[in-house]
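Here is the structure we will look at, set down as structure tokens.
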Amino acid sequence: MKQEKIKTDLLIIGGGTAGCYAAITAAKADAASNAVNNAANNAAGLKILIVEKANIKRSGCLAAGVNALNAYITEGRTPKDYVEYAKKDADGIVREDLLYSISEKFNEVTAHLEKLGLVILKDKDGKYVTRGNRNIKINGENIKPILADAVKKLDDVTVLNHVNIFDYSVHDNKIDGAFGFGIENDTFYAIEAKAVIIATGGAAGLYKPNNPGFSRHKMWYPPFNTGAGYAMGIRHGAEMTTFEMRFIALRCKDTIAPTGTLAQGVGAKQVNALGEVYETKYGLSTSERVYGTVTENLEGRGPCYLRTEGISAEQEESLLKAYLNMAPSQTIRWIENGTPSKANVEIEGTEPYIVGGHTASGYWVDTKRATTIEGLFAAGDVAGGAPQKYVTGALAEGEIAAKSAVEYIGAAGLTTSRTSIPEAEVENHIAEIKKFLDSRGDDGGDTAERLEEEMQAAMDAYAGGIQTSYRYSENQLAVALEKIEGIEARINSLHANDFQELMYIYELKERLTVCKSVIAHLAARHETRWHSFAENLDYPEKDNENFRKYVNSRLVNGEIQTFTRELTAEGQKNYEHQH
Amino acid sequence: MSISIDQSKCIGCGKCHDVCPGTLIKISENKKAFIKYPKDCWGCTSCIKECPVHAIRFFLGEDIGGKGSKVHTEKVNGLVRWIVEFPDGRVKSIDIDPKESNKY
């Protein structure tokens, strides 16, 4: 194993939507400050490093593309409308300051994306064509390559592809870097940085997926997003929020392709097997749409469908193309099995995910996206409190976090000297890696894959997975925790033949850490506020008096401790951490 | 659902390996790309769009309704052509103009 030490100013972990945009913003902010401060103050320029475990060209949620920007302030609407929408959808449990700060930037980042090359549908007057109140239509097949190209043009930004970051270096609650390893070059990296932006994804693969066999990774969220950013923060004592607000997507059966394009694009209604439109019966929030489908099935009126029968030939042709640009499996399935004009599209709920871009799970951040660890900023799916972020919200948070990090580096640079990562920590990490690589070899014992399946089965059965129609009780959660801890205890016996397998071991560890947090949060919210997302059988009603609050958590002496925090005030636009 | 890589067509350029969001494609000792972890494929088709010699095919498993068709893309006159080859030899193609937005 080779070793490499890198010193940078700003380390961005994860080169997805938020991470790439953070780099673009930081490079621009630095260029602007150089112009003002002249060379004497800022001679070297800011060194920015993106570390990405795949390759920024197609990594993260946007690998296959996306066919609409779902968060945009359309004509006649205001950022406040968007905040109200997101707040209602989450039944109050949001941070208005965070939602305002992204909503006010949606249109600006969209204009920037268009300048970078994104194709957006316009009418004859040159105005964006809207889909509903908040969406605009695009050709987003190449949205990620567009962002990656913009990053590659920046002189101050270095990209390390195929390097997996697995731990932070934190001292006295202040971050000074991170540790990782190259998946394809067998190299251990110790990276020192003045500030760090965590921009990794949320967590897929915690629960048994819809298609656990050959197509186990045919899932809504990238299966490669394993909750690394959450896990590293949890282990170092960062405050986290709302991990009990799981996200369950309502998707086309089998292909787990999006349903919004059918519902909003061609107006397809949710109908049960009797042909009855049921969506209005349960409400139209994101969780209610899932809950309605679950309930119709439980009460014997399934399967459920999106009613597409009878759409026009022109609509059908456009749909086939639209899905090729974001979820090609669905188009292929239609071509092989019958197209949407001839048969309604069956829908189902996915397994639960933890993802701050859709629900409110993630780091507890202030308005500047500073976490409770000094020098660590969070953006995109790892940042909590601001659901319904989508692509433009992730871009906006990347921008906000980057500006805050650059400002922090500027301030810290004048007053403090940098600490460096102690050699003993480097040695400890290398020793752990060597143990996985050098130990027993394959002896038919535990593998990361087998333990992952056991974890998913435990979460499915005891922490509200598909098997229990997303419902759980306190007693079940206790069993889930016992099983997860049992699996965790077996990790040390795992063996990796190469660095890819080593990554799988660390990803398993990350997922288990996130599972424990999810279980603790589910157990702490003694109410059912969001059907399906957090369906607590011991407390089936909503309890506004005690739980119109955030449930937050922190690791203390190895235990995840949960506590509640009062909601920020209505219309509040700024929130600061109280140290 | 996964991909297959035609070993006789592959020129070993490594572009599919570089771009796979799961780093699931490796290059063998005889300089051919192969999918080492077929069950871990997400179905994003990034590799297929990269392959300069159209050696990679995407398919759905029977577990999610696949019927044996193989799919790839080619760039033709500035358009992205999606080509579906059915097991019985029929071929269906759909052209997409990358400069044209989705309508839905």
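A note on names: the letters A, B, ... follow the listed sequences, proteins ahead of strands, and every chain is numbered from 1.
Using the six-membered ring where Trp is involved, B/His17 and A/His162 have ring planes that are tilted, between 30° and 60° apart.
A donor-acceptor pair is defined here as one N or O able to donate and one able to accept, closer than 3.5 Å; such a pair exists between the side chain of B/Asp63 and the backbone of A/Ser215. Remark: the backbone N or O of B/Ser69 is paired with a side-chain donor or acceptor of A/Glu336 at under 3.5 angstrom. Counting only distance, with no hydrogens or angles, the side chain of B/Trp42 and the backbone of A/Lys218 share no donor-acceptor pair below 3.5 Å.
Judged purely by distance below 3.5 Å, without hydrogens or angles, the side chains of B/Asp18 and A/Asn55 never pair a donor atom with an acceptor atom. Checking A/Asn337 against B/Lys67 by side-chain atom types alone, a donor-acceptor pair falls below 3.5 Å. Side-chain N/O atoms of A/Gln500 and B/Lys26 include a donor and acceptor closer than 3.5 Å.
Rounding to the nearest 0.5 Å places CG of B/Asp97 at 8.0 Å from NZ of A/Lys321. A distance of 3.5 Å separates NZ in B/Lys49 from CD in A/Glu141, rounded to the nearest 0.5 Å. Atom CG of A/Asn210 is separated from atom CD1 of B/Ile64 by 10.5 Å, given to the nearest 0.5 angstrom. Taken from CG in A/Asn67 to OG in B/Ser101, the straight-line distance is 8.0 Å, to the nearest 0.5 Å. Distance CZ/A/Phe224 to SG/B/Cys44: 7.0 Å, rounded to 0.5 Å.
Counting heavy-atom neighbours within 6.0 Å of B/Lys31 NZ, excluding the residue itself, gives a total of 12 or less. Under a cut-off of 6.0 angstrom, the local environment of CG in B/Asn77 is sparse, with at most 12 non-hydrogen atoms contributed by other residues, nucleotides or ligands. At most 12 non-hydrogen atoms from other residues, nucleotides or ligands lie less than 6.0 angstrom from NZ of B/Lys75.
Contact of A/Leu320 with chain B is made through the side chain alone, with heavy-atom distances under 4.5 Å. Neither the backbone nor the side chain of A/Cys252 comes within less than 4.5 Å of any heavy atom of chain B. Of the atoms belonging to A/Ala63, heavy atoms from both backbone and side chain fall under 4.5 Å from chain B. Using a 4.5 Å cut-off between heavy atoms, A/Ile120 contacts chain B through its backbone alone, with no side-chain atom that close. When heavy atoms are compared at a cutoff of 4.5 Å, B/Glu62 does not approach chain A at all. The parts of B/Thr23 that come within reach of chain A are both its backbone and its side chain, each placing non-hydrogen atoms under 4.5 angstrom from that chain. Heavy atoms of B/Ser2 lying under 4.5 Å from chain A belong to its backbone as well as its side chain. In this structure, the portion of B/Val71 lying under 4.5 Å from any heavy atom of chain A is its side chain and not its backbone. Heavy atoms closer than 4.5 Å to chain A are found in the side chain of B/Lys92, but not in its backbone. Heavy atoms closer than 4.5 Å to chain B are found in both the backbone and the side chain of A/Pro222. Heavy-atom distances place no part of A/Lys122 under 4.5 Å from chain B, backbone and side chain included. Interface remark: A/Tyr323 contributes no atoms to any contact with chain B (heavy atom separation under 4.5 Å). With a threshold of 4.5 angstrom between heavy atoms, A/Trp220 approaches chain B through N, CA, C or O but not through any side-chain atom. There is no contact between A/Gln264 and chain B, counting heavy-atom distances below 4.5 Å.
Residues B/Ile94 and A/Thr331 meet the side-chain proximity criterion, which asks for heavy atoms closer than 4.5 Å. Side-chain contact between B/Leu60 and A/Arg333 is present, with heavy atoms from C-beta onward closer than 4.5 Å. At a threshold of 4.5 Å between non-hydrogen side-chain atoms, the residues B/Trp82 and A/Ile335 do not count as touching. Contact annotation: the side chain of A/Lys57 approaches that of B/Glu50 to within less than 4.5 Å [non-hydrogen atoms, C-beta and beyond]. Considering only heavy atoms from C-beta on, A/Leu121 stays 4.5 Å or farther from B/Asn102 through its side chain. Under the 4.5 Å side-chain criterion, counting only non-hydrogen atoms from C-beta, B/Met1 is not in contact with A/Asn211.
Taking chain B as the reference chain and counting heavy-atom pairs below 4.5 Å, the highest number among A/Gln315, A/Met503, A/Met326 is found for A/Gln315. Most heavy-atom pairs under 4.5 Å with chain B: of the set A/Ala322, A/Pro145, A/Ser59, A/Gly65, this distinction falls to A/Ala322.
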TODO: Begin with the C-alpha distance, continue with both residues' side-chain angles, and end with the deciding distance and a verdict on side chain to side chain contact (heavy atoms under 4.5 Å, CB included) for A/Leu324 and B/Thr73.
DONE: CA-CA 10 Å; A/Leu324 284 175; B/Thr73 66; over 6 Å; no
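Ion pair A/Asp498/B/Lys36 flagged as a salt bridge, since at least one NZ, NE, NH1 or NH2 atom sits closer than 4.0 Å to an Asp/Glu carboxylate oxygen. Here B/Asp40 pairs with A/Arg216 in a salt bridge; the nearest charged N to carboxylate O distance falls below 4.0 Å.
The two residues B/Lys39 and A/Gly213 come nearest to each other via the heavy atoms CE-O, 3.8 Å.
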